[in-house]
Amino acid sequence: MDINKVKSQFPILTKKINGKSLVYLDSSNSAQKPISVLNSLDSFYKNEFSNIGRSIHSLAVNATNKFEETRESVKKFINANSKDEIIFTKNATESINLVATTFGQQNIKKGDEILISELEHHSNYVPWHYLRETKGAIIKFAPINEDGDIIIDELKKLITPKTKIIAVTHLSNVTGTIVPVKEIVEIAKKKNIPVLIDGCQSAPHIKIDVKDLDCDFYAISCHKVYGPTGVGILYAKKKWLESLPPYIGGGGMISEVKKDRITYAPLPEKYEAGTMPTAEVVAFNESIKFMNSIGIENIVKHEQQLTNYALEKLKKINSVKIIGNPKNKAGVISFIIEGVHPHDISTIVDEEGVAIRAGHHCCQILHDRLNLSATARASIGVYNTKEDIDILCKAVENCRKVFELK
Amino acid sequence: MDINKVKSQFPILTKKINGKSLVYLDSSNSAQKPISVLNSLDSFYKNEFSNIGRSIHSLAVNATNKFEETRESVKKFINANSKDEIIFTKNATESINLVATTFGQQNIKKGDEILISELEHHSNYVPWHYLRETKGAIIKFAPINEDGDIIIDELKKLITPKTKIIAVTHLSNVTGTIVPVKEIVEIAKKKNIPVLIDGCQSAPHIKIDVKDLDCDFYAISCHKVYGPTGVGILYAKKKWLESLPPYIGGGGMISEVKKDRITYAPLPEKYEAGTMPTAEVVAFNESIKFMNSIGIENIVKHEQQLTNYALEKLKKINSVKIIGNPKNKAGVISFIIEGVHPHDISTIVDEEGVAIRAGHHCCQILHDRLNLSATARASIGVYNTKEDIDILCKAVENCRKVFELK
Amino acid sequence: MDLKQLYQDIILEHGKSPRNFGKCDKYTHQAKGYNPLCGDKVQIYLKLNNKEKVEDLTFEGSGCAISMASTSIMTELVKGKSLEIAKKIILDFLNMIKNTKEIKTKELNDDQKTIIMSLSGVKQYPMRVKCATLAWHTLTSAIEKNKEEVNTEKVE
Amino acid sequence: MDLKQLYQDIILEHGKSPRNFGKCDKYTHQAKGYNPLCGDKVQIYLKLNNKEKVEDLTFEGSGCAISMASTSIMTELVKGKSLEIAKKIILDFLNMIKNTKEIKTKELNDDQKTIIMSLSGVKQYPMRVKCATLAWHTLTSAIEKNKEEVNTEKVE
Ligand SMILES: Cc1ncc(COP(=O)(O)O)c(C=O)c1O
Ligand SMILES: Cc1ncc(COP(=O)(O)O)c(C=O)c1O
């Protein structure tokens, strides 16, 4: 993989921030977009735009075909069985809400248990919390150890006959932990418990094969996978999408509408109400092509090298402490500097053009567990280079200087 | 208003369809986008893209500011009291679902009544139907007359002490009826019943003033207002947004998250979970600027002239029948040709580059009421010209020729 | 594309005056079909005798010219055939609409093949393919005694 | 922008060794503040005597250097003042952070004005303004005996 060739596809990475070259290390938050995605967006609007599905004029037919081509690409990208298992949403948060709401409506009763983990993003907790509020469900948290790994034995012990669903992240957006989700699915399957995987962080960074994982639900945010904002994906096994009730109701998801009854459209339209993010879905096809053009193995390798390099260098800096030391770690590096608050770190490195995130990263449970109110987080994308890490480390050193640490 | 100058801002309108110049008369479905909107999208992604809200680096601060500028513009555009009353959703369908779900959760009990009209789009019926299914609510349909106007006296009679909310469209996407929503709000207010207005079709075509209307909720789809796909708007009075429960749950809409409880963010974030359609919201500001640069009065005048011209010309064609003859009609013209099915009409006019829609336009109730299974619909945007209408009429004549009608 | 390829005279004629319209006496099988995209609806009535021959085949419904013509032509060609041949014709038609160039069923004569091929113009108009195939899928459903309504969005 | 403008020595010093930290004896008012953006938290303890004088003012909490320094400086400047003057100082500070160039409260001497102005670097860093104002809003809340926790996302 030629990193310079990859990087040159991202127009924003040539920009200056505070007079310095942008070093973008906030990809876990949202990734930058390659030129092919932007060209697709622009060209679609300029030459081909139309709403899809319901009109039968040439523009609409073409737009519908392009839209469905992306669905086909996503299907292949995650190795689903059928295009009908790919639902377009507005973001991963909506994908998870869709499952929590419809699954909850059908399968959760008072006292039933939902098993999540201490690693979860708020988007994989709040939707389940609603079922606690409205249905009297119980939420259990599979604990993590000091390294940031879910303790699988403890997770097993938390499974009871009342456990109705397990929802876990594939890759932590704080510690970079790669969770052994396949193992968790196997454990769950023995007890016939469906599993939702929050694939927000994994989709851009590790290989995904839903058939191999055999999970029931998988949620993705396209903007993190080098795609436009405004699109998410829910993969779900057909049996679920067929049997669960519909979610958002409106145009496009119905079959027959009468004053006293309504029947719903077949899959996947049943779950795609109203006008879709048409242009954004069409452009997302280019994001997948971009990933495929590099090859996921090469992406993993590049990012792994960079992660190791960054970890080594950061650890050498006095007073820097890396958060979590999981068995398998991807390019999400949260850290603190003894004596400098993460917000101050973010402000100081920003002065050098380095964009990192400070805060709880939508993981308050995890931060409580680690006894931290906030951390600084540098997260790696396929376009990052060794120099980026060098500049980060210099900027981190500068925090120590500004705060006159010894 | 200089129509050529307006039209020249839409790159797609110079394109060829089946060898003919595109005549786009499907704006009620989705409008085309002016170059300023496309440039904003492209430039934002190329120069400024970042997720908003939670990061504090320079890119994020700038993106957040731009995002909030659009909120401010929308506030002014519809004359809301406060930015907190403007919620960004994925489309108008989600906006209405948000209200139906949260309002229903809090205020609808078995036997309670929801009053809508026979004009409603499925997106303003299915969400209420869910409350019928889950809560045992009753849905009543305010009837229309032959002209396609809601019979206000009948609507009044349908209001009972059990009526909990009234939800009506501002502008029918089939008959072009401009509904006297202000009168309906006044009727409702006397009985303390909140009113939701489906403003999908009105927002691009007539002046909107939510303060003057004094409605409780107003739903808009940005892609119909010359904006990108993937964004909708919900206006709601602050008192509702403050008192109703949250909707989609996840990152960004919380305040404090503990293992046993969760508190939610203040407005407007409470209703904006997960990563927003950031670039699309930012670009929508240009759509509003585009509308303002022409002036809504000029838009109304231009479209009214074109509508009258089209109606006159179409009526002169043998066997063409216009659907509905409302008191106040905007540029939505549905019609049938005796002896030619609407789908055949659409295919035949498409051959001349004319994009219209055929079907039930997500209004099956209305079509049942009119005893039609489908209609053809030509809908006007600010960029349409007299020539467009001339070409449409010629193409409609061609339908008669192809079908050898006398 | 050429509109006259799509709207051949024979299609317009069948569309305007569909054959075998109505509910036939003593039908043994029936099925409903629906195309949610257009709102087209069709109901098929099939009478098989005890030798598995199609003794009668009629329909009710409404739709565009393509859909009405296709249904009418189907009833005309299938009526009188054995069940086995009927199934062959259906398959042959659906294949033709998808990709093949000609109708192979030997039991159809050249005139009949010309009639069925008059529907081949639809291939150029992808959004109209479902109009042409609705009735044929519904007939299959009737033969298989499926309870569920055929929905063009659900069949491949 | 210049980091040294933001992180002036006086800020770093207050940030590192905040004054009036802890819970004071027999406080008469108290309030909580929270900045959900950073997770910064502050709890203000105020002791007013019966002549409406600020006899003691302390705080507990955690946060960034800006937030800790701002809170520490606030307690130092307000302690000992009458309630009326305390309110003036709060208003003056919040105005300064928003737009004005200087501190007008006559009851503050030049040294004190310099101290308070050391926080003016924050103006260049819009995302950090809330770090600086949290404590001041929370003090107002304590004075007004508001029950609800101050949330920086809710105050203007
Ligand atoms: C009157 C009306 N209401 C609601 C909608 C739904 O809008 P969207 O599809 O953008 O959610 C539409 C557009 O299709 C409409 O015309
Ligand atoms: C692990 C994880 N889950 C869920 C989400 C939510 O994704 P989105 O904001 O795109 O809905 C994120 C991103 O913020 C994430 O990192």
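Here is how names work: the chains are called A, B, and so on, in the same order as the sequence lines, proteins then strands, and each is numbered from 1. Every value quoted in this text rests on a predicted model; they were computed, and no experiment measured them.
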Novice: Within the 4.5 Å heavy-atom criterion, are A:K90 and B:I248 side-chain neighbours or not?
Specialist: yes
Novice: Under 4.5 Å heavy-atom distance to chain B, tell me which part of A:K33 shows up: side chain, backbone, both or neither.
Specialist: side chain
Novice: So for B:T134, is it side chain, backbone, both, or neither that comes closer than 4.5 Å to the heavy atoms of chain A?
Specialist: side chain
Novice: Below 4.0 angstrom, N of the basic side chain to O of the carboxylate: do A:K15 and B:E48 qualify?
Specialist: no
Novice: Is any side-chain heavy atom of A:Y45 closer than 4.5 Å to one of B:P228?
Specialist: yes
Novice: Using non-hydrogen atoms and a 4.5 Å limit, figure out which bit of B:A100 sits close to chain A: side chain, backbone, both or neither.
Specialist: neither
Novice: For each of B:P127, B:A355, B:S50, B:A273, tally heavy-atom pairs with chain A at distances under 4.5 Å, and name the one with the top tally.
Specialist: B:A355
Novice: Which one of B:G230, B:S346, B:G249 has the most heavy-atom pairs closer than 4.5 Å to chain A?
Specialist: B:G249
Novice: B:P34: which residues meet the side-chain contact (heavy atoms from CB on, under 4.5 Å) condition with it, sequence neighbours left out?
Specialist: B:Q9, B:F10, B:S36, B:V37, B:Y226, B:F290
Novice: Under a 4.5 Å heavy-atom cutoff, which of B:I365, B:V257, B:T89 has the most pairs with chain A?
Specialist: B:V257
Novice: Side chain from CB out, backbone as N, CA, C, O: work out which of these in A:I35 comes under 4.5 Å of a heavy atom of chain B, or both, or neither.
Specialist: side chain
Novice: Looking at B:N51 and A:N29, would you say the former's side chain and the latter's main chain have a donor-acceptor pair under 3.5 Å?
Specialist: yes
Novice: With sequence neighbours left out, write down each residue that passes ring-ring contact (aromatic ring centres under 6.0 Å, His included) with B:F67, or none if nothing qualifies.
Specialist: B:F88
Novice: Would you kindly say whether B:N91 and A:T275 are connected by a side-chain donor-acceptor distance under 3.5 Å?
Specialist: no
Novice: What option among B:R261, B:H121, B:E133, B:E94 has the most heavy-atom pairs under 4.5 Å with chain A?
Specialist: B:E94
Novice: So what's closer than 4.5 Å to chain A heavy atoms on B:P245: side chain, backbone, both or neither?
Specialist: neither
Novice: Chain A heavy atoms under 4.5 Å from B:I356: which part of the residue, side chain, backbone, both or neither?
Specialist: backbone
Novice: Under a 4.5 Å cutoff for heavy-atom pairs, which residue among B:N39, B:D260, B:I262 has the most contacts with chain A?
Specialist: B:I262
Novice: From A:S43 OG over to B:D42 CG, what is the distance, rounded to the nearest 0.5 angstrom?
Specialist: 11.0 Å
Novice: Do side-chain atoms of A:Q364 reach the backbone of B:S255 as a donor and acceptor pair under 3.5 angstrom?
Specialist: yes
Novice: Quick one: ring-ring contact (aromatic ring centres under 6.0 Å, His included) partners of B:H129, sequence neighbours excluded?
Specialist: none
Novice: Can you tell me how far the OG1 atom of B:T93 sits from the CD atom of A:E272, to the nearest 0.5 Å?
Specialist: 12.5 Å
Novice: Where does B:I96 contact chain A at under 4.5 Å (heavy atoms): side chain, backbone, both or neither?
Specialist: neither
Novice: Under 4.5 Å heavy-atom distance to chain A, tell me which part of B:I17 shows up: side chain, backbone, both or neither.
Specialist: side chain
Novice: Using the side-chain hydrogen bond (donor to acceptor under 3.5 Å, both in side chains) definition, which of the options B:D26, B:T347, B:N18 pairs with A:H57?
Specialist: B:D26
Novice: With a strict 4.5 Å heavy-atom criterion, list every residue of residues 276-283 of chain B that contacts chain A, or say none.
Specialist: B:M276, B:P277, B:T278, B:A279, B:E280
Novice: Report which part of A:L41 has an atom under 4.5 Å of a heavy atom belonging to chain B: side chain, backbone, both, or neither.
Specialist: side chain
Novice: Please flag which part of B:N62 lies under 4.5 Å from any non-hydrogen atom of chain A: side chain, backbone, both or neither.
Specialist: neither
Novice: Give the member of B:Y24, B:W128, B:Y125 that has the highest number of heavy-atom pairs under 4.5 Å with chain A.
Specialist: B:Y125
Novice: Are A:N97 and B:Y247 close enough that some pair of their side-chain heavy atoms sits under 4.5 Å apart?
Specialist: no
Novice: Hey, could you give me the CE/SG distance between B:M253 and A:C362, rounded to the nearest 0.5 Å?
Specialist: 11.5 Å
Novice: Let me know if B:R132 has heavy atoms under 4.5 Å from chain A in its side chain, its backbone, both or neither.
Specialist: side chain
Novice: Would you call A:T229 and B:F49 a side-chain contact if the rule is heavy atoms closer than 4.5 Å?
Specialist: yes
Novice: Looking at every heavy atom in both B:G251 and A:S123, which two are closest together, and how far apart are they?
Specialist: N-OG, 3.0 Å
